[in-house]
Amino acid sequence: MTWRPQYRSSKFRHVFGKASTKESCYDGVPITRSVQDNSFCTVNPRFLAVITECAGGGAFLVLSVNHTGKVDPHHPRISGHRGNVLDVKWNPFNDYCIASCSEDTTVKVWEIPPHGVLKNLTVPWKELQGHSRRVGLIEWHPTASNVLFSTAYDYQIMIWNLDCPEQVIKNPVRTISHHSDVVLSMSFNTDGSLLATSCKDKKIRLLDPRTGSLLQEANSKTHKASKVLFLGNLKMLLSTGNSRWNHRQIALWDQDDLAVPLLQEDLDGSSGVLFPFYDPDTHMLYVAGKGDGNIRYYEISSEKPYMHYLTEYRSLLPQKGLGVMPKRGLDVSACEVFRFYKLVTIKSLIEPLSMIVPRRSESYQEDIYPMTAGNVPAVTAEEWFSGVDKGPVLMSLKPGCRVADSQPQLSSDKGLGSSLESRRAQSRPGLLQLAYIQEQLGTKETKEWMSVSNGQDPTLCSPPRTENELRLKFHKQQEEIRRLRELLNQRDVRIKQLELEMKNTKNSQS
């Protein structure tokens, strides 16, 4: 019998990494020298935030994603912490809301102005006080709005509800105390009903995040886990860590049985922590080592052998941390399926790195862009705490079908009113009255034109006096033009939807 090699068909066999040009990088960023094993960077379609080195207290920088090139060394920062900032995370449902945690034992939630940070911010929207030692890690709930998880060197995980009137919150909704050492990572499943953690005691724990009860615990003698990650809806966990012989290792676990790993694979003998990133839409896993220049990527399947090695991106520049752009911020016209923001400390550089599927056609590729998690929460904080679990609200990445951009909704009653109006407009049934839509769009357009900067009418602002002020005003103007274009695109899409609904109504009547 003739031997035949078994070939596995895959759309992502030839995915390659494309580093940005020097002009598209962020140069001159004083990246933190902290030894914490975090990403130090977080990104959304509007802003990039990175923890910076500073003397006295802690600070981080928020830049517009379009503000590439040389960064002004005196660029305004968010500097309200009294100790070094250890982690930052954007709210997945509000592009203008970011949480930070620090060595000063607090977690702070900040509201970013629509035009970016134009002056130093020191007063947060919310301050969370409950931990007794430095807070090392924070995570937002993936489907519930304004639910935040934090863990500190007091070995506790605290759950916070931000939907409350107090500016300083001293009592968390719940405290989870099942860990005997520092929690190194936290990961939620798709609907946020399960929480997986890795700990310095090398154990993986599976918890109910709502009640705080311990469901399972993995204690493998052949794998010492440092990071853990849920693999979407595959009912599997992936952990990175070290083997018995101190080789860097990745392990795959069955979510329902953590007694023995399904798969273990040794990578190399380096010492840097491995950061795993998973894309549930393409089932691709990316593994990047701290201090490495390369990023390995695999394809995950639900059947043996579970993990298929594709290739690796190689670079001479070592990464200290990596930020990841949400799917709704990718360039679908270039067939981009993942984008990293690589922190290169030795050059004070943040380098965007795009993972691209090579395709000849320039049209939208539906087979590599399925419906993905959007920026609308599935449940409120109150509903989630009462026991409701829902999967994420899905959106299409096809141009013209995107969910409306997240709007700031924290600072004032007027901002809250506009956000409620936009939510109401999104949640109304299909047959909306045209007059109502025009009224909403007209109101939004008026607000866009009459936006203020530092409490002043733009028409009354004095002309820029320095090159830095001129550059800030230029970026602000570009942002305004982009938002107006998005507004026009949303109008065009809504008009097409109404025409289609009218046509369907006429056909059903006839």
Side-chain angles (χ1 to χ4, degrees), residues 15 17 33-41 86-87 136-137 181-187 196-205 217-231 234 236-254 258-279 283-301 304-324 338 340-346 351 353 355:
V15 168
R33 293 195 290 269
S34 170
V35 295
Q36 193 86 3
D37 291 327
N38 288 342
S39 59
F40 303 116
C41 177
L86 299 180
D87 196 17
L137 197 63
D181 212 322
V182 179
V183 178
L184 300 177
S185 69
M186 296 187 288
S187 177
T197 65
S198 61
C199 183
K200 206 170 180 180
D201 62 7
K202 308 304 179 185
K203 295 180 182 178
I204 297 173
R205 292 172 175 86
E217 186 175 280
N219 186 15
S220 174
K221 294 182 179 179
T222 58
H223 177 76
K224 297 177 285 185
S226 59
K227 300 287 181 184
V228 68
L229 188 68
F230 264 104
L231 298 182
L234 295 178
M236 288 193 288
L237 293 168
L238 179 121
S239 64
T240 62
N242 296 90
S243 68
R244 186 182 295 171
W245 295 275
N246 229 21
H247 291 164
R248 291 199 298 189
Q249 187 182 64
I250 52 179
L252 210 58
W253 306 80
D254 184 353
L258 297 182
V260 180
L262 297 172
L263 175 73
Q264 290 183 3
E265 183 175 328
D266 288 359
L267 298 184
D268 53 39
S270 299
S271 58
V273 173
L274 292 172
F275 296 105
F277 304 91
Y278 181 66
D279 181 1
H283 300 297
M284 285 184 66
L285 169 72
Y286 303 87
V287 180
K290 184 177 180 180
D292 296 356
N294 62 330
I295 299 175
R296 301 174 176 87
Y297 35 106
Y298 304 79
E299 197 167 357
I300 305 294
S301 64
K304 287 185 178 181
Y306 304 116
M307 196 159 51
H308 307 274
Y309 175 74
L310 295 175
T311 183
E312 67 178 333
Y313 166 80
R314 294 184 179 182
S315 167
L316 296 176
L317 299 176
Q319 61 239 1
K320 183 181 181 69
L322 293 162
V324 175
F338 214 76
F340 293 102
Y341 285 78
K342 180 176 172 179
L343 305 187
V344 184
T345 314
I346 58 172
E351 180 187 54
L353 172 63
M355 295 308 204

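The chain is numbered in sequence order, starting from 1.
- Here the CG-OH distance, from Leu238 to Tyr298, works out to 9.5 Å after rounding to the nearest 0.5 Å.
- Of the inter-residue distances, the one linking Asp279 atom CG with Glu299 atom CD reads 10.5 Å to the nearest 0.5 angstrom.
- With hydrogens and angles disregarded, a donor-acceptor distance shorter than 3.5 Å links the side chain of Ser198 to the backbone of Ser226.
- A donor-acceptor pair is defined here as one N or O able to donate and one able to accept, closer than 3.5 Å; such a pair exists between the side chain of Asn38 and the backbone of Leu86.
- Partners of Arg205 according to the side-chain hydrogen bond (donor to acceptor under 3.5 Å, both in side chains) rule, which considers only residues two or more places apart in sequence or in another chain, are Asp201, Glu217.
- For Tyr297 and Phe338, the ring centers are positioned 6.0 Å apart or more.
- Annotation: the span from Tyr313 atom OH to Asn294 atom CG amounts to 10.0 Å, rounded to 0.5 Å.
- A side chain to side chain donor-acceptor pair (under 3.5 Å) with Ser239 is found for exactly one of Lys227, His223, Gln264, namely His223.
- A perpendicular orientation is assigned to the rings of Phe340 and Tyr286, their planes being inclined by more than 60° (bins at 30° and 60°).
- Legend: residues meeting side-chain hydrogen bond (donor to acceptor under 3.5 Å, both in side chains) with Asp268, ordered by chain and number and at least two apart, are Arg248, Arg296.
- Counting only distance, with no hydrogens or angles, the side chain of Lys320 and the backbone of Phe40 share no donor-acceptor pair below 3.5 Å.
- Judged purely by atom type and a 3.5 angstrom limit, Ser187 uses its side chain to pair as donor or acceptor with the backbone of Phe230.
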